[in-house]
Engineer: 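Pasting a structure here, questions to come.
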Protein chains: 2
Amino acid sequence: MSTEPRELRADARENRLRILAVATDVIEQQGTMASLNEIAKRAGVGPGTLYRHFPSREALLAEVLATWVKRVEEAAQSAPVRTRDDLVDWLGRLAGIASGYRGLAASMAASMDDEASPLRHAHRASLVANTLVFERAREAGLIDHAVDSGTVARLVTGVAMVAEQATLPPEQVRDMLRVILDGLTARSD
Amino acid sequence: MSTEPRELRADARENRLRILAVATDVIEQQGTMASLNEIAKRAGVGPGTLYRHFPSREALLAEVLATWVKRVEEAAQSAPVRTRDDLVDWLGRLAGIASGYRGLAASMAASMDDEASPLRHAHRASLVANTLVFERAREAGLIDHAVDSGTVARLVTGVAMVAEQATLPPEQVRDMLRVILDGLTARSD
DNA sequence: ACCTGAACACCGTTCAAGT
DNA sequence: ACCTGAACACCGTTCAAGT
């Protein structure tokens, strides 16, 4: 099941780690569309070396996102679910994390489609995290029926995409999320 | 108020129209990120000529969108507002038009920010159209309070962005829109 | 086994030179 | 006044040649 690298030659291992560190920096600053050639140059390797370790931009991104995935999982566990505002806060945190890097929400959305996308793990992790929070909210009596977490995830991704494209003020993002939460907890039958 | 071209030399006028026609074709096929050099080449002009007529990709896009704007306005006027499903349909049509070209929803979202964006007209038109539909729904007694059309527009843009990035099946899009509509018509106080 | 870096086919954008 | 097209500085991606 594990796709972790087995035993790399010492120089290869070092290069790999250095590329990953540099990529994290550069992507944090410039977004998920940052130049791969620039990352290679800053890491002190030829472009071919980057491609050898990470055959696609998504493969690189997936590894960079490892710490990101942890943040989502932690946030889900510690998220309070006492009031409806708590849930709006949670969605906001989810959207905020999803747009932690510019272009990330779009990259994630694109990966929904693709069964083989390297980003699938990150995507599934955020979906599971979200399901967990809403399940806890239901157990706490805050909402009275199950919500479809796939739909929630897609909606929140949409909010994140608009927010980062248009650099919306936080209260406009919150308005969007509140509508979504109201829609989720209103019976539509 | 009008920024229409005044009196162009005959060859310039012809070039301009040909660029526009070709751009409409190419953008329809390849999306809003289509190569400008390719558009110029297909239109039989040098790249400099395209830039002379349309100083930015957005300026070109704004003109290509003229017929698009008409479609939104017509759709708004003829949209039935008798049932809640009618409203979901309307949002679906809006989202569908917004992603008529691949990348259009993202381009529109980016223009929300920028006061001087050439896409502002198209964006405002869709906002006005949406306000019109919901106002008619309110008059028809379908909903009982005003909705914030800015928030609606942003949410629908988000749905359109996710839908085209992930190429979602129609029923998933509909699920998203239904949640939004429920959220809009539920009292949140 | 791994790395280098030149090379290729593209971008968007500019601008001297032409008509 | 307008157009051309070469030129520039970039992309992503590949692959022979090196170690």
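A note on names: the letters A, B, ... follow the listed sequences, proteins ahead of strands, and every chain is numbered from 1. Heavy atoms only: backbone and side chains are in, while hydrogens, waters and symmetry mates are out.
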Engineer: Hey, does the side chain of B/D86 reach the backbone of B/T83 with a donor-acceptor pair shorter than 3.5 angstrom?
Structural biologist: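 A pair under 3.5 Å: yes.
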Engineer: Rounded to whole angstrom units, what separation is found between the CZ atom of A/R16 and the C1' atom of C/dA1?
Structural biologist: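 After rounding, the gap between these two atoms is 16 Å.
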Engineer: Can you tell me the Watson-Crick or wobble partner of D/dC2, both distances under 3.5 angstrom?
Structural biologist: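 Its partner is C/dG18 (Watson-Crick or G-U wobble, both distances under 3.5 Å).
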Engineer: Contact between A/M112 and B/Q165 at the side-chain level, heavy atoms closer than 4.5 Å - yes or no?
Structural biologist: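 No, too far: nothing below the 4.5 Å cut-off.
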Engineer: Excluding sequence neighbours, so at least two apart, what forms side-chain contact (heavy atoms from CB on, under 4.5 Å) with B/R18?
Structural biologist: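 If we apply the side-chain contact (heavy atoms from CB on, under 4.5 Å) test to B/R18, skipping adjacent residues, the hits are B/E14, B/N15, B/V45.
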Engineer: Looking only at atom types and distance, does a side-chain atom of A/R102 sit under 3.5 Å from a main-chain N or O of A/I27, one as donor and one as acceptor?
Structural biologist: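 No; judged by distance alone, with no hydrogens or angles, the pair does not exist.
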Engineer: Taking pairing as Watson-Crick or G-U wobble with both contacts under 3.5 Å, can you name the mate of C/dA7, or confirm there isn't one?
Structural biologist: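 Across all strands, the one nucleotide that pairs with C/dA7 is D/dT13.
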Engineer: Do B/L60 and B/H53 have side chains that approach each other closer than 4.5 Å (heavy atoms only, starting at C-beta)?
Structural biologist: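 No - every pair of side-chain heavy atoms lies 4.5 Å or more apart.
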Engineer: Send over the distance from B/N15 CG to D/dA1 C1', rounded to a whole Å.
Structural biologist: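 Atom-to-atom, B/N15 to D/dA1, this comes out as 13 Å.
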Engineer: How about B/E58 and B/S117: do any of their side-chain heavy atoms sit closer than 4.5 Å?
Structural biologist: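 Counting from C-beta outward, B/E58 and B/S117 do come under 4.5 Å.
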Engineer: Run B/R84 and B/D182 through salt bridge (Lys or Arg N to Asp or Glu O under 4.0 Å) and show every step you take.
Structural biologist: CA-CA 9 Å; B/R84 289 173 61 82; B/D182 286 347; 2.6 Å; yes
Engineer: Scan residues 41-58 of chain A against DNA chain D and write down, sorted by residue number, each residue with any heavy atom closer than 4.0 Å; if none is found, say none.
Structural biologist: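 Contacting residues: A/P47, A/G48, A/Y51, A/R57.
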Engineer: Taking CG from B/D11 and P from C/dG18, how many angstroms apart are they, rounded to a whole number?
Structural biologist: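 Nearest whole value for this atom pair: 19 Å.
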Engineer: Determine whether A/V88 and A/R174 make a side-chain contact, defined as any pair of heavy atoms from C-beta on separated by less than 4.5 Å.
Structural biologist: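 Yes, side chains in contact.
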Engineer: CD1 of B/I19 versus C1' of D/dC3: gap in Å, rounded?
Structural biologist: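 For the pair B/I19 CD1 and D/dC3 C1', the rounded distance is 10 Å.
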Engineer: What parts of residues 26-40 of chain B reach DNA chain C, counting only heavy atoms under 4.0 Å away?
Structural biologist: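 The answer is B/A34, B/S35, B/L36, B/N37.
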